[in-house]
Asker: 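Would you mind keeping the following structure in view while I ask a few things?
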Amino acid sequence: MAGSVGQMLRLALITAVGAADLGADGDLLLPELGRRGIAGIPVGWGVDFETRAFDGAVIRSASDYIDAPRRFLEWCRETSSRMPLANPVDVLAWNSDKRYLRDLERAAVKVVPTLWVGPGESLTGVPWDRFVVKPVISAGARASATYGRSALPEARRHVDAITAGGVIAMVQPHLSSIDREGEVGIYVIGSEVSHAIRKAGVLRSGAPPAPDLSLGWHQQAVPSPVLEEHVRFARAVLEAVPGGPDRLLYARVDMARGEEGELLLLELECIEPRLFLEHAPARAGAVAGAFAAWLEGRVGGDAPREG
Ligand SMILES: Nc1ncnc2c1ncn2[C@@H]1O[C@H](COP(=O)(O)OP(=O)(O)O)[C@@H](O)[C@H]1O
Ligand SMILES: [Mg+2]
């Protein structure tokens with residue numbers, strides 16, 4: 001099999017289509033994988049794996065999946081029938097639509113209050129003076145914007161543009177804590193809390209929704225201490241993921257504070273979290289170690305091929 005070539009296991013690191021770019025994460029991750037006997041090879045999703053042999057695949061920087069979520073998930077299903085794929089494909093599918101927040105809320109996770117608005121549904125009942133509109137399928141703050149009550153007509157047009165694209169819109173209170181202190185993202189990799197980042201808020205009153213992921217690309221991120229409170233919250237979120245936390249190779253749990261100072265879940269990213277290893281370079285070895293353990297646990301013999 002592929003892994004026997006030069007004794008290196010071959011791990012496909014799945015990127016955006018046509019952009020085999022892992023960003024700063026790749027520069028730190030690839031040598032650490034190499035040290036562990038794994039050739040990490042960036043591959044754009046959509047590639048026909050029949051003609052190329054890999055021992056496994058990990059989704060890394062495929063944020064363009066939001067342009068074609070169905071096609072992406074179809075490709076993931078196909079790929080996971082041929083080789084181990086992380087995260088498990090059912091988790092990828094579940095996590096691709098922010099309605100997963102409803103499942104987590106049912107499991108007693110505190111999430112940012114959210115109204116789900118379908119085509120033509122009214123906004124007049126929105127109870128918040130400042131509120132955010134965004135689509136259920138998104139990354140990098142694409143098609144997201146913040147409004148005051150006086151801007152209801154603009155918000156209406158925004159919601160209509162989202163639903164015309166075939167997805168549901170989300171309306172949330174604009175959390176002022178995000179403007180003041182940003183959101184904290186806790187990385188859990190191979191079941192261990194790895195590191196944390198703090199990301200500055202990106203939505204400004206009067207700024208139109210961005211047609212691309214540029215707000216996210218330019219979002220300021222700094223290392224954050226890993227606080228016990230954050231860890232407890234992140235663990236509780238992951239406990240509530242369908243199938244349980246142990247099947248996840250990686251996840252980032254984004255949280256921000258509500259008006260009472262309580263932690264609320266903003267987003268759970270189990271598809272393509274940028275790891276920001278440039279802010280936690282000392283963690284690159286541990287992350288590569290988790291990827292290696294995952295791959296080695298699945299290659300050869302009769303190891304299960306899923307997840
Ligand atoms: N309710 C909110 N209040 C204030 N800012 C928000 C809110 N929701 C989203 N944002 C801002 O928009 C960004 C993107 O939203 P998020 O829910 O993380 O979706 P995604 O990262 O998938 O695009 C966040 O990082 C945050 O800066
Ligand atoms: Mg986000």
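Start at 1 and go down the list; that is how both ligands and their atoms are numbered. Residues: numbered from 1 along the sequence shown.
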Asker: If I take every N, O or S atom of Glu267, is at least one of them less than 2.8 Å from the Mg ion (ligand 2)?
Answerer: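 Looking at Glu267, which is the residue asked about, there is an N, O or S atom under 2.8 Å from the Mg ion (ligand 2).
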Asker: Using the ring of Phe54 (Phe, Tyr or Trp, six-membered ring only), decide whether Arg10 places NZ or CZ under 6.0 Å from its centre and within 45 degrees of its axis.
Answerer: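 Arg10 over Phe54 ring: yes.
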Asker: For Arg247, run the side-chain contact (heavy atoms from CB on, under 4.5 Å) check against Asp90, Val241, Asn87 and tell me which one passes.
Answerer: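 Of Asp90, Val241, Asn87, side-chain contact (heavy atoms from CB on, under 4.5 Å) with Arg247 is met by Asp90 alone.
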Asker: May I have a table of the N/O to N/O pairs between ligand 1 and the protein that fall below 3.5 Å, each row giving the two atom names and the distance to 0.1 Å?
Answerer:
| unit_1 | atom_1 | unit_2 | atom_2 | d |
| --- | --- | --- | --- | --- |
| ligand 1 | 1 (N) | Gln172 | OE1 | 3.1 |
| ligand 1 | 1 (N) | Pro173 | O | 2.9 |
| ligand 1 | 3 (N) | Leu175 | N | 2.9 |
| ligand 1 | 8 (N) | Lys134 | NZ | 2.9 |
| ligand 1 | 17 (O) | Lys134 | NZ | 2.7 |
| ligand 1 | 18 (O) | Glu267 | OE1 | 2.8 |
| ligand 1 | 19 (O) | Lys98 | NZ | 3.3 |
| ligand 1 | 21 (O) | Glu267 | OE1 | 3.0 |
| ligand 1 | 22 (O) | Lys98 | NZ | 2.6 |
| ligand 1 | 22 (O) | Ser138 | O | 3.3 |
| ligand 1 | 22 (O) | Glu267 | OE2 | 3.0 |
| ligand 1 | 23 (O) | Gly140 | N | 3.4 |
| ligand 1 | 23 (O) | Ala141 | N | 2.7 |
| ligand 1 | 25 (O) | Glu183 | OE2 | 2.4 |
| ligand 1 | 25 (O) | Gln219 | NE2 | 3.0 |
| ligand 1 | 27 (O) | Val202 | N | 3.2 |

Asker: Using 4.0 Å as the upper bound for N to carboxylate O, is an ion pair formed by Arg106 and Asp103?
Answerer: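 Judged by the 4.0 Å cut-off on N to carboxylate O distance, Asp103 and Arg106 do form a salt bridge.
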Asker: Identify which one of Arg71, Arg70, Arg77 satisfies the side-chain contact (heavy atoms from CB on, under 4.5 Å) criterion when paired with Leu73.
Answerer: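 Exactly one pass, corresponding to Arg77.
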Asker: Please report whether the ring centroid of Trp45 lies less than 6.0 Å from that of Tyr65.
Answerer: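 Not close enough - the centres of the two rings lie 6.0 Å or further apart.
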Asker: Establish, yes or no, whether the cationic atom of Arg102 lies under 6.0 Å from the six-membered ring centre of Trp116 and within 45° of the ring axis.
Answerer: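 Yes - Arg102 lies over the ring of Trp116, closer than 6.0 Å to its centre and within 45° of its axis.
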